[in-house]
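Just so you know, these numbers use all the heavy atoms, side chains as well, and skip hydrogens, waters and symmetry mates.
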Amino acid sequence: MIIITMFAIGLLTALIGSIAGLGGGVILVPSLLFLGDHFDSFDWVTPQSIVGVSLVVMIFTGMSSAISYMKHKRVDKKVGIIFLIGSVPGGILGSWLNQYFKTDSFSLFFGVVMILVSLLFFLPRKSSDSPLFHKGLMREKVVDGETYAYQMPISIGLLLSFAVGMLSGLLGIGGGSLMVPAMILLFQIPPHVATATSMFMIFFASISSSATHVIMGHVEWAYTLYFIPGAYLGGSLGAWINRRLHGQAVEWFLRVLLILIGIRLIWQGIG
């Protein structure tokens, strides 16, 4: 029964994470926190082991999602590589800082971060012909027959991705829950391209972040391996569903998902 539960969690978290470009950690982490509090079969769960498991599983979620998105030319590789340059060292630092967190503060901080990110989508937004930044890397992408033009200052992209990478390693959330809103709101990248590029970035960033947790002994391999098959399948299915959703539907999916998770974790942290 525990094996089926882990497969199902891996499948569900990767499915939702791939649709929204979040990587699945925002579902997997609170799920394991809940199971660890209420079931003896998950007594191995600690904040450190949860993040270690989450990041290893996200390698396979990111791999299957990125492959699917790249086949349909949704990934902006240049933007993704710039974000990776900043997020990889940030992820290593965050993974090291994770060892100093305890369960209640871990849940509370994670919840506050999710709420703050969800609120970003309700801020007034500039029109597409009035970009927030007027200098930077110029990009153009065709999605469903429509051409989108946007640009990103490289220095801002590097600083932002370093901060996001640090939170990713610290919280095990893959960085997408922060990077996707940033790409959509700050750089006006189309939601479909933002989610696809996020999964591309998450795949590589999770490798470096999880390596740090492996070295520090945070990964419970006897349990982690049961999450991986479901995560790989869920990542592919999520990418398939994402391609069939309207851009605004993807944004609303992000809003609702992050608010619900944030409220749940804040309540758990306070309780």
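Not one N or O on the side chain of R74 forms a donor-acceptor pair closer than 3.5 Å with the backbone of M70. A donor-acceptor pair under 3.5 Å links the side-chain atoms of S64 to the main chain of F60, judged by distance alone. Side chain of T195 to backbone of G21: no donor-acceptor contact under 3.5 angstrom is found. Within the 3.5 Å criterion, the main-chain N or O of A239 finds no donor-acceptor partner in the side chain of H72. Of the possible polar contacts, none joining the S87 side chain to the G165 backbone as a donor-acceptor pair under 3.5 Å is found.
Residues S49 and E220 approach most closely at CB-CG, 4.0 Å, considering heavy atoms. Scanning all heavy atoms of the two residues, the minimum distance from T13 to G10 falls at OG1-O, 3.2 Å. Scanning all heavy atoms of the two residues, the minimum distance from A194 to V180 falls at O-CG2, 4.1 Å. When all heavy atoms are compared, the tightest approach of I19 to V250 is O-CG1, 4.2 Å. Scanning all heavy atoms of the two residues, the minimum distance from M179 to M201 falls at CG-CE, 3.8 Å.
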Criterion side chain to side chain contact (heavy atoms under 4.5 Å, CB included) on L35 and I9, from CA distance to verdict: CA-CA 11 Å; L35 292 171; I9 292 173; 3.4 Å; yes
Steps toward side chain to side chain donor-acceptor pair (under 3.5 Å) verdict (S18, S65): CA-CA 6 Å; S18 181; S65 300; 2.9 Å; yes
Evaluation steps, side chain to side chain contact (heavy atoms under 4.5 Å, CB included), between D37 and V45: CA-CA 9 Å; D37 286 341; V45 168; over 6 Å; no
I184 vs I189, side chain to side chain contact (heavy atoms under 4.5 Å, CB included): CA-CA, chis, key distance, verdict: CA-CA 5 Å; I184 295 173; I189 298 175; 5.8 Å; no
Residue pair F42, M6: steps toward the side chain to side chain contact (heavy atoms under 4.5 Å, CB included) verdict: CA-CA 10 Å; F42 286 86; M6 291 179 181; 4.0 Å; yes
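A distance of 10.5 Å separates CZ of F187 from CD of Q151, quoted to the nearest 0.5 Å. Put simply, CD1 on I154 and CG on L137 are 5.5 Å apart, with the number rounded to the nearest 0.5 Å. For the atom pair CG (L237) and CG (N242), the distance works out to 12.5 Å, reported to the nearest 0.5 Å. Atom-to-atom distance recorded for M58:CE and L28:CG is 8.0 Å, nearest 0.5 angstrom. Here the straight-line distance linking atom OG of S210 with atom CD1 of I59 works out to 3.5 Å at 0.5 Å rounding. One finds the OG atom of S155 at 9.0 Å from the CE atom of M152 (value rounded to the nearest 0.5 Å).
Environment of OH in Y226: sparse, with no more than 12 heavy atoms of neighbouring residues, nucleotides or ligands closer than 6.0 Å.
D76 and K141 are not joined by a salt bridge, as no carboxylate oxygen comes within less than 4.0 angstrom of a charged side-chain nitrogen.
For the pair V56/F227, no side-chain contact is recorded, criterion being any heavy-atom separation below 4.5 Å from C-beta on. With contacts defined as side-chain heavy-atom distances shorter than 4.5 Å, the pair I266/I115 qualifies. A heavy-atom distance below 4.5 Å is found between the side chains of L93 and L97. For the pair W221 and V214, the minimum side-chain heavy-atom distance is below 4.5 Å. Using a 4.5 Å cut-off on side-chain heavy atoms (C-beta onward), L186 and L160 make contact. Looking at K71 and I67, their side chains come closer than 4.5 Å, going by heavy atoms from C-beta outward. Between F253 and I16, the closest side-chain pair of non-hydrogen atoms falls below 4.5 Å. Between L158 and F83 the shortest side-chain heavy-atom distance does not fall below 4.5 Å.
Classified by interplanar angle (parallel below 30°, tilted 30° to 60°, perpendicular above 60°), the ring pair W44/Y223 is parallel.
Under 3.5 Å, the side chains of S68 and R243 contain a donor-acceptor pair of N or O atoms.
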